[in-house]
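Nothing here was measured: the structure is a model prediction, and the numbers come from that model. In what follows, chains are A, B, ... by sequence order, proteins preceding strands, each numbered from 1.
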There are 2 protein chains.
Amino acid sequence: MRVEIISIGDEILIGQIVNTNAAWMSQKLNIAGFEVVRISTVSDKKDDIILSINDAVKRVDVILLTGGLGPTKDDITKEALCEYFNTELIFNENAFQQVKTLFSVRGFEVTEINRKQAELPKSCTPIANHNGTAAGMWFNENGKIIVSMPGVPFEMKPMMTDSVIPELKKHFKTPVILHKTILTQCKGESFLAEIINDWENELPKNIKLAYLPQPGIVRLRLSAKGENAEILNKQVEAEVEKLKKIIPKYIFGYDDDKLEQIIGELLKEKKKTLSTAESCTGGYISHLITSVSGSSEYYLGSIISYSNEIKEYLLGVTKQSMIDYGVVSEQVITQMAKGVKEKLNTDYSIAVSGIAGPSGGSVEKPVGTMWIAIATPEKVIARKFLFGEHRERNIRKTALMALDMLRKEILTAKG
Amino acid sequence: MRVEIISIGDEILIGQIVNTNAAWMSQKLNIAGFEVVRISTVSDKKDDIILSINDAVKRVDVILLTGGLGPTKDDITKEALCEYFNTELIFNENAFQQVKTLFSVRGFEVTEINRKQAELPKSCTPIANHNGTAAGMWFNENGKIIVSMPGVPFEMKPMMTDSVIPELKKHFKTPVILHKTILTQCKGESFLAEIINDWENELPKNIKLAYLPQPGIVRLRLSAKGENAEILNKQVEAEVEKLKKIIPKYIFGYDDDKLEQIIGELLKEKKKTLSTAESCTGGYISHLITSVSGSSEYYLGSIISYSNEIKEYLLGVTKQSMIDYGVVSEQVITQMAKGVKEKLNTDYSIAVSGIAGPSGGSVEKPVGTMWIAIATPEKVIARKFLFGEHRERNIRKTALMALDMLRKEILTAKG
């Protein structure tokens, strides 16, 4: 069933707020088997709203509007709906009682403005709003359903999940849609596309693949459509299994997994601890690790050695090796990883050193050169990378690569 | 001049990503004097893309498309544009050279897929992409301008600011719009609104005020509209001067200023050095400081003491004070600030310790309790805060508050 979301509000069009409502609604509709074919954002002008509904009814079966239901002058969605449906506002006792109840709970007095909010278009079925003063409105005309909801997320969301989606499911038979996202880390989108080209070409017709790149990560999303959830699930899992055989090294997780969470789970499971020594990433790896609630169970801390003195003094890197090989070198990164592991007395450690840019590069070691080392209970491994010129991206890519290297080491460890 | 943004991508319609591109573009266009009248999001289907362009040309003068320019099969914006403009793809040598240069810098090989990305519609003027392999495309037909850009924010943003907006300004006469954003740090939006209420009511009619709250920061944006940039500038500056007298303590910067940059400038100017000792923020303060290019001039490093042993062993916090007062206490935070300042031999230091949540709180010290200390060449100051229940926001608020406390200390220092 085809749906269009129309978000109403000048604050979105001038970029003052990001339209997170539409993203949330799309997600919920998609899971419920509805296909969102378009999201439109229009201004708080009556003509624009009417025009957007006129356009949408030609394309879709269901139109969901949000916004413009507040008590102030700039909110004119109800007027626009009255004009579109050629109807008028009438006072709705039920809607008014709801506002009164809500206000008495909060100890507020009902004002004349709130009374006006209980005036609704004659031809609509009101939808209760348990979290605010603006009722939702459900219109059913010529087989098309048009629903108007408040734009305040806190009011719209329960209205969607408790009333609108269940009601829509009564009206339409919906197909089963199943999404599975495979998280990979590799050289990039085009590199991956070449390797998995044959697999992609042989995907069943009801399964679509999308590449969703982010700095340091490429997400592969499989979307399957069918009648039966169980069959679809088996179909998708079979394709994932095939893919795992083609790129076993690049897959690190699925759906909403995050590397720092996966590592946390692994360390907790194996009862191991972790420390980090960061130079060019300046604390970003530590920040990612500690963004996971409960990370204090396995993460002990970090030494951020931005200066060479600290590398020497706190991490035990020898002055001579910094002179002989440079700070960004296999010798120094290995000593950093060993040093922090010993100093903080952990089972594993991560160390990074490199040239994040934009300055500090040389012909021999250009901006984007990174050394990453992982110390395990048995050994230290070190790898060199060459990323790009952009400081922020270099920091992010290095952090993700370091976490992925650690993940692989923990997985292949004996202990 | 009326603009429509068309965002192309199934990932937006299924709610997998939030359309932050459109919000960013709207903001930049608005500042440049263009009016965004609609934002549409459509799927990666050729017909949907063509239909949306057909609709938009009836409404607006400029259409900006993003997305669907990747090298993989699911990206079909170029095909759609060829069909819409009744033209064909031809190989563009310049675009190809750009990809080659980009890849040689990164040490990657150019693949057949990348070569295909240099095929562009015959009737377009290519727009250079300095950050990726997909060129932008500029079409000019019957007085309407249609521009297609990549959807990757990191590629789209420089293309907008460096090429598209300057080029649009050449084509259209736009009113002079002047924005000035005042960055403040205080108890929050409604707190600030009460204090500056009179000033706000007396603003000239051509100047509008918007409150743009972010975790830990409230930005106040003044938008002035007129004919003459010089007059507008004087008008806005006069209002800013009035505001500075009302809230001198809360203003820390303007426009795109960042606290970490302001602190960097101050430290460089005064030739002073900085270190940090972080517990609950887990490296986030260090990450902010080192996100500034050139920060190695004044920032020496950090000790991230997630465990109590490290607080004792590396920062010199006494076991007894952790037992007597708890880890989140004035006594411990003061020792942490002193400890890291001495150990890393810096002029200033920041130390933070608190309960980021969601777990770990108690009746006496609930989630959101934070102690921040700043050590200066002369003294140590410590302050307690009570933020909210949300881990990510608590980390961010604490970091910004700590940086602002440091800023004030450096500013009032004698040296």
Side-chain angles (χ1 to χ4, degrees), chain A residues 12-20 22-27 30 36-43 48 55 179 187 189-190 193-194 200 209-213 215 221 282-284 286-287 289-291 293-294 296 299-307 310 344 358-359 386 388-389 391-393, chain B residues 10-20 22-27 30 36-43 48 55 70-74 105-108 111 113-114 152 154 210 212 282-284 286-287 289-291 293-294 296 299-307 310 344 358-359 391-392:
Chain A
I12 307 172
L13 292 175
I14 66 163
Q16 187 159 343
I17 65 161
V18 177
N19 193 354
T20 52
W24 184 88
M25 292 165 76
S26 298
Q27 215 173 45
N30 196 260
V36 177
V37 294
R38 191 177 290 215
I39 300 166
S40 301
T41 304
V42 300
S43 76
D48 281 355
D55 283 350
H179 296 280
K187 280 184 194 165
E189 191 181 1
S190 54
E194 289 216 359
E200 184 178 353
L209 174 70
Y211 290 79
L212 310 169
R221 191 191 60 226
Y284 187 65
S286 185
H287 165 59
I289 293 168
T290 58
S291 69
S293 170
S296 56
Y299 186 63
L300 300 199
S302 178
I303 292 170
I304 315 289
S305 56
Y306 229 55
S307 80
I310 296 173
L344 270 56
S359 59
L386 186 60
E389 286 173 42
R391 184 178 183 86
E392 199 185 312
R393 282 170 72 97
Chain B
D10 292 343
E11 67 276 20
I12 308 172
L13 291 175
I14 66 162
Q16 186 156 353
I17 65 162
V18 177
N19 193 355
T20 52
W24 184 89
M25 291 166 75
S26 299
Q27 215 174 43
N30 193 259
V36 178
V37 294
R38 191 178 289 216
I39 300 167
S40 301
T41 304
V42 300
S43 76
D48 282 355
D55 284 351
T72 50
K73 291 190 191 76
D74 55 325
V105 169
R106 295 189 190 167
F108 290 174
T111 64
I113 282 178
N114 302 129
V152 182
F154 168 72
L212 310 170
Y284 187 65
S286 185
H287 164 58
I289 293 167
T290 58
S291 69
S293 171
S296 57
Y299 186 63
L300 300 200
S302 177
I303 291 170
I304 315 289
S305 55
Y306 229 55
S307 81
I310 295 173
L344 270 57
S359 59
R391 184 178 183 85
E392 200 185 311

Does any backbone or side-chain atom of [X] lie under 4.5 Å from a heavy atom of chain B? Answer side chain, backbone, both or neither.
X: Ile303(A); value: both
X: Ser291(A); value: backbone
X: Ile310(A); value: side chain

To the nearest 0.5 Å, how far apart are [atom1] in [X] and [atom2] in [Y]?
X: Ile14(B); Y: Gln27(A); atom1: CD1; atom2: CD; result: 8.0 Å
X: Ile12(B); Y: Ile39(A); atom1: CD1; atom2: CD1; result: 7.0 Å
X: Asn19(B); Y: Thr41(A); atom1: CG; atom2: OG1; result: 8.0 Å

Selection from [options] maximising heavy-atom pairs under 4.5 Å formed with chain B:
options: Gln16(A), Arg221(A), Glu200(A), Glu194(A); result: Arg221(A)
options: Met25(A), Glu392(A), His179(A); result: His179(A)
options: Ser307(A), Ser43(A), Pro213(A); result: Ser307(A)

Given that the side chain runs from C-beta out, which part of [X] has a heavy atom under 4.5 Å from chain A: side chain, backbone, both or neither?
X: Ser305(B); value: backbone
X: Val37(B); value: backbone
X: Glu11(B); value: both
X: Ile17(B); value: both
X: Ser296(B); value: both
X: Leu13(B); value: both

Kindly give the heavy-atom pair with the smallest separation between [X] and [Y], and that separation in Å.
X: Thr290(A); Y: Arg391(B); result: O-NH2, 2.6 Å
X: Arg38(B); Y: Asp55(A); result: NH1-OD2, 4.1 Å
X: Ser26(B); Y: Gly15(A); result: CB-N, 3.6 Å

By salt bridge (Lys or Arg N to Asp or Glu O under 4.0 Å) - contacts of Asp10(B) (at least two apart)
none

Ring-plane angle category for Tyr284(A) and His287(B), please: parallel below 30°, perpendicular beyond 60°, tilted otherwise.
tilted

Examine distances only and state if a side-chain atom of Ser286(A) and a backbone atom of Gly282(B) form a donor-acceptor pair shorter than 3.5 Å.
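Checked: pair present.
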
Between Gly301(B), Ser302(B), Ala23(B), Gly283(B), the one whose heavy-atom pairs under 4.5 Å with chain A are most numerous
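Highest number of pairs under 4.5 Å: Ser302(B).
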
Select, from Asn114(B), Val42(B), Val36(B), Leu300(B), the one with the greatest count of heavy-atom pairs under 4.5 Å involving chain A.
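Most heavy-atom pairs under 4.5 Å with chain A: Leu300(B).
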
